[in-house]
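Structure record follows, encoded as structure tokens.
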Amino acid sequence: MWLPYNRNAPTDNATPDDCDWTTVSQTLLCVSLTTPTVEETLSVLHSAGRRFDIAELRLDYLPEPTEDDVRRLLEGRPCPVIVTNRPEREGGRWTGDEAARLELLAVADRLGADYVDVEIDSLDGYAPQGRAGLIVSYHNYDETPADLAAIARRIEQTDAAVVKLATHANSLLDNLAAIHVLRDATKPTIAVTMGEHGHVSRVLGAKFGAFLVFASLGAGREAAPGQVPVDQMLDLYRFRNVGPGTALYGVVANPVAHSMSPAIHNAAFGHCGIDAVYLPFRVDDVAEFIPAYQTLPVAGYSVTIPHKQSVIALLQDVQPLAARIGAVNTIVDRGGRLVGSNTDWSAAVAAVGSGLREGESLDGKRVLLVGAGGAARAMAFGLAERGCDVVIANRTRERAVRLAADVGCTQVDVADMGSVPYDILVNGTSLGMHPRVDATPADAAMLREGAVVFDSVYNPLETRLLREAAGAGCRTVKGLEMFVNQAVEQFELWTGQTAPRDVMRQVVAARLSG
Ligand code: NAP
């Protein structure tokens, strides 16, 4: 069990160098209390539902903080605290006199604070009065400078008990600079990046041995841009389980904010007790991102819009059907070789197959597939591979003609769809997708009793097409099935274990019905 620095010191006269840092067995989760009154700060600090290990008391968020305020905050505290009084020039709210600011920190030290945070350029003006661990910090709200490692070395040479670097990440690559600082650290170190890309350094701080990482109390209560809410750190990313041996996975996409994949895969890893964490990566340039992140390395990626095609050039091996489709949605690192596959086609084939009667096979079934975009392309190749007789119809006729030629199947104009005989109707367009839920790719008159109707749209769970098809006596299959299937296959490709399908389905269904 870790103890706060000044309680852990072997003797009363101990200096930071005497402290046995090996007792810090796990990265701490710290919440910055940016509450505007002492009463509110105390209420959060002492709340029964407290989910953090250590709190940062931000004196600069209090109006004109006094010695008495500091005493009240420190008295009977239930966990270690860092006292911070950040000036405006370093991204804080203190606008008063510099000497008074540092004096308040010295008072906190005298009153027994566990840690006091002093900015590196203020060290000369700071006179410690007690035994608090000194956190010497550097902040940069514009960028992660190229000489971050040199700055870390400079702080290590001060009296710092803990080195702290917080810099803005202008790209995902900036997280790697923070991670390198953690890897090379000779003192307990905090190295986080700020901004929308910063969650990587925060979640992975625990993997690379950060002294602590900061989380926010909740969305909208961040002390620095990009702080992840404490509940998300613990429940989504399973922060307590992240450690040096944790394998890293993630989804490469742009945009990525609404991706359900982190929720699905982290829940699956957690359920199976697999030491792995899955992160969202909003990637602009996949050719720059993947080689850089393989230095960590990342054990597997999900790949989605707009990178499914361009990523192929970066892989050492591509599954034959994925190569024919021209799209990869799953990458596995096999001993340093990146192998790409496409689980969309197999997921769709399995979903469509689940609508068949027992003993029936896809072989020889007539499929009318509406759409010729990315999803339709994977489905057309997959269904043809399974022996289906596929007919493609698409709003933009030329795309359907091209896809039919690539697959070696037939194309029909949308206006003539009604006269095409089929056993299976597949919607591969986005028609019916939220928010335009009244749209449908096929008139009700086209729906035939006994046919299988599969809608790849999964939001909403029940589309207009599926409602009308059920009403016409069709056997319907939801897009949710394909979505779950592709995630299940990804999980199994990465881990070699049977995926917890029901857990994954519940996560998706809960998200979509919520
Ligand atoms: P995409 O590449 O952009 O293709 C969109 C397709 O929809 C094209 O065929 C497009 O026709 C057609 N379309 C769009 N708006 C239309 C309209 N107003 N009228 C007629 N056709 C229209 O997108 P995608 O990635 O293939 O995704 C298509 C759908 O599949 C989405 O709803 C997506 O959520 C779903 N999907 C589901 C899963 C799953 O696991 N269930 C996986 C992937 C995708 P044009 O060629 O004429 O533009």
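Because the structure is a prediction, the values reported are computed rather than measured. Note that ligands are numbered from 1 as they come in the structure, with each ligand's atoms numbered from 1 the same way.
- Side-chain contact check for T429 and N427: at least one donor-acceptor pair (N or O, by modelled atom type) lies under 3.5 Å.
- Note that R50 lies in the cation-pi zone of F52, set by a 6.0 Å cut-off to the ring centre and a 45° limit from the axis.
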Between the protein and ligand 1, which nitrogen or oxygen pairs come in under 3.5 Å, and how far apart is each?
residue, atom, partner, partner atom, Å
ligand 1, 2 (O), G374, N, 2.9
ligand 1, 7 (O), S430, N, 3.3
ligand 1, 9 (O), A372, N, 3.0
ligand 1, 9 (O), G373, N, 3.4
ligand 1, 9 (O), N394, OD1, 2.8
ligand 1, 11 (O), N394, OD1, 3.2
ligand 1, 18 (N), R395, NH1, 3.3
ligand 1, 26 (O), G374, N, 3.1
ligand 1, 26 (O), A375, N, 2.7
ligand 1, 30 (O), S456, OG, 3.2
ligand 1, 40 (O), F483, N, 3.2
ligand 1, 41 (N), S456, O, 2.9
ligand 1, 41 (N), G479, O, 3.0
ligand 1, 46 (O), N394, ND2, 2.8
ligand 1, 46 (O), R399, NH1, 2.7
ligand 1, 47 (O), R395, NE, 3.0
ligand 1, 47 (O), T396, N, 3.0
ligand 1, 47 (O), T396, OG1, 2.5
ligand 1, 48 (O), R395, NH2, 3.0

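- The list of salt bridge (charged side-chain N to carboxylate O under 4.0 Å, His left out) pairs with a residue in residues 303-323, not counting sequence neighbours, reads K308-D344.
- A centroid separation of 6.0 Å or more is found between the aromatic rings of Y249 and Y301.
- Ring-centre distance between F269 and F491: below the 6.0 Å cut-off.
- Note that CG of L172 and CG of D285 are 11.0 Å apart. Values are rounded to the nearest 0.5 Å.
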